[in-house]
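Okay, so here's the structure we're looking at.
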Amino acid sequence: MIRILFVCHGNICRSPMAESVCAHMIRLRGLEDKIQVSSAAAHTDEIGNPPHRGTREKLAQEGIPLVPHRARLMRKEDGENYDYLIAMDEYNVRDMKRIVGREYEQKVRLLLSFTRCSRAIADPWYTGNFDETFTDVTEGCAALLDYLKEK
């Protein structure tokens, strides 16, 4: 079983969107027995909160089920428990490496690093653009699953 943890700042916008999109893609590809996904926050701002209304609305608009979720903080042991620690931006990368330490920092990667255009996924908390975030998350999750298939 391959275990993937998606991480963003507060775990209410980008990472639960990625978790839900990727879980949906996993079901469509028939990989439920091979890949498991979850999400977490790099900071404590939103711990215990549900996904942002914009994330919920965008997923519903696209017909993608929202994975039941409450924001949780990434923990050091996540470095051991997950095979891939997937960040949405460089700030997340820095925070995640600090959390898991040197032993597991090689597991930390940007979601869009699996695509031809490795870059950050803009935070819709600030931009308000959940459409753009959804497009990037969908592209990144598809590329990640393709990468795992070839591996």
Q | Ser20 side-chain N/O to Leu66 backbone N/O, donor-acceptor pair under 3.5 Å | A | no
Q.
With a 4.5 Å cut-off on side-chain heavy atoms, are Val7 and Met88 touching?
A. no
Q) Taking NZ, NE, NH1 and NH2 as the nitrogens, is one of them in Asp95 or Arg98 under 4.0 Å from a carboxylate oxygen of the other? A) yes
**Q.** Cluster check Ile121, Val108: I/L/V/M/F/W/Y, side chain < 4.5 angstrom
**A.** no
Q: Give me the ring orientation class for His9 and His43: parallel if the planes are under 30° apart, tilted from 30 to 60°, perpendicular past 60°.
A: parallel
Q.
Rounded to the nearest 0.5 Å, what separates atom CE in Met74 from atom OG in Ser39?
A. 11.5 Å
Q) Just wondering, do Leu148 and Ile4 contact through their side chains at under 4.5 Å, heavy atoms? A) yes
Q: I would like to know whether Phe134 and Asn129 meet side chain to side chain contact (heavy atoms under 4.5 Å, CB included); could you show each step before the answer?
A: CA-CA 9 Å; Phe134 179 81; Asn129 193 338; over 6 Å; no
**Q.** Flag if over 12 foreign heavy atoms under 6.0 Å of NZ, Lys76
**A.** yes
**Q.** With sequence neighbours excluded, residues passing side-chain hydrogen bond (donor to acceptor under 3.5 Å, both in side chains) with Asp83
**A.** none
Q | Backbone of Glu139 reached by a side-chain donor or acceptor of Thr115 within 3.5 Å | A | no
(Q) Could you check whether any side-chain N or O of Arg56 sits under 3.5 Å from a backbone N or O of Pro51, counting only pairs where one atom can act as donor and the other as acceptor? (A) yes
Q. For Phe114 and Arg109, what are the C-alpha separation, side-chain angles and deciding distance, and is it a side chain to side chain contact (heavy atoms under 4.5 Å, CB included)?
A. CA-CA 9 Å; Phe114 295 95; Arg109 296 199 40 193; 3.4 Å; yes
**Q.** From Glu19, His24, Met25, residue fulfilling side chain to side chain contact (heavy atoms under 4.5 Å, CB included) relative to Val37
**A.** Glu19
**Q.** Hydrophobic cluster membership, Leu110 vs Ile86, 4.5 Å side-chain cutoff
**A.** no
Q: Not counting sequence neighbours, which residues clear salt bridge (Lys or Arg N to Asp or Glu O under 4.0 Å) with Arg53? List them please.
A: Glu57
Q: State whether Asp89 and Arg14 are salt-bridged, where the test is any N-O pair (Lys NZ or Arg NE/NH1/NH2 against Asp/Glu carboxylate O) under 4.0 Å.
A: yes
Q: Answer yes or no: does atom CD of Glu32 have more than 12 heavy-atom neighbours from other residues, nucleotides or ligands under 6.0 Å?
A: yes
**Q.** Single-linkage hydrophobic cluster, 4.5 Å side-chain cutoff, Phe130 and Leu112 together
**A.** yes
Q: Run the salt-bridge test on Asp146 and Arg29 with the 4.0 Å N-O cut-off and return the result as yes or no.
A: yes
Q.
Salt bridge or not between Lys107 and Asp78? Use side-chain N to carboxylate O under 4.0 Å.
A. no
**Q.** Test side-chain hydrogen bond (donor to acceptor under 3.5 Å, both in side chains) applied to Asn11 and His52, His69, Arg72, the passing residue
**A.** His69
Q) For Arg94, what residues pass the side-chain hydrogen bond (donor to acceptor under 3.5 Å, both in side chains) criterion, not counting sequence neighbours? A) none
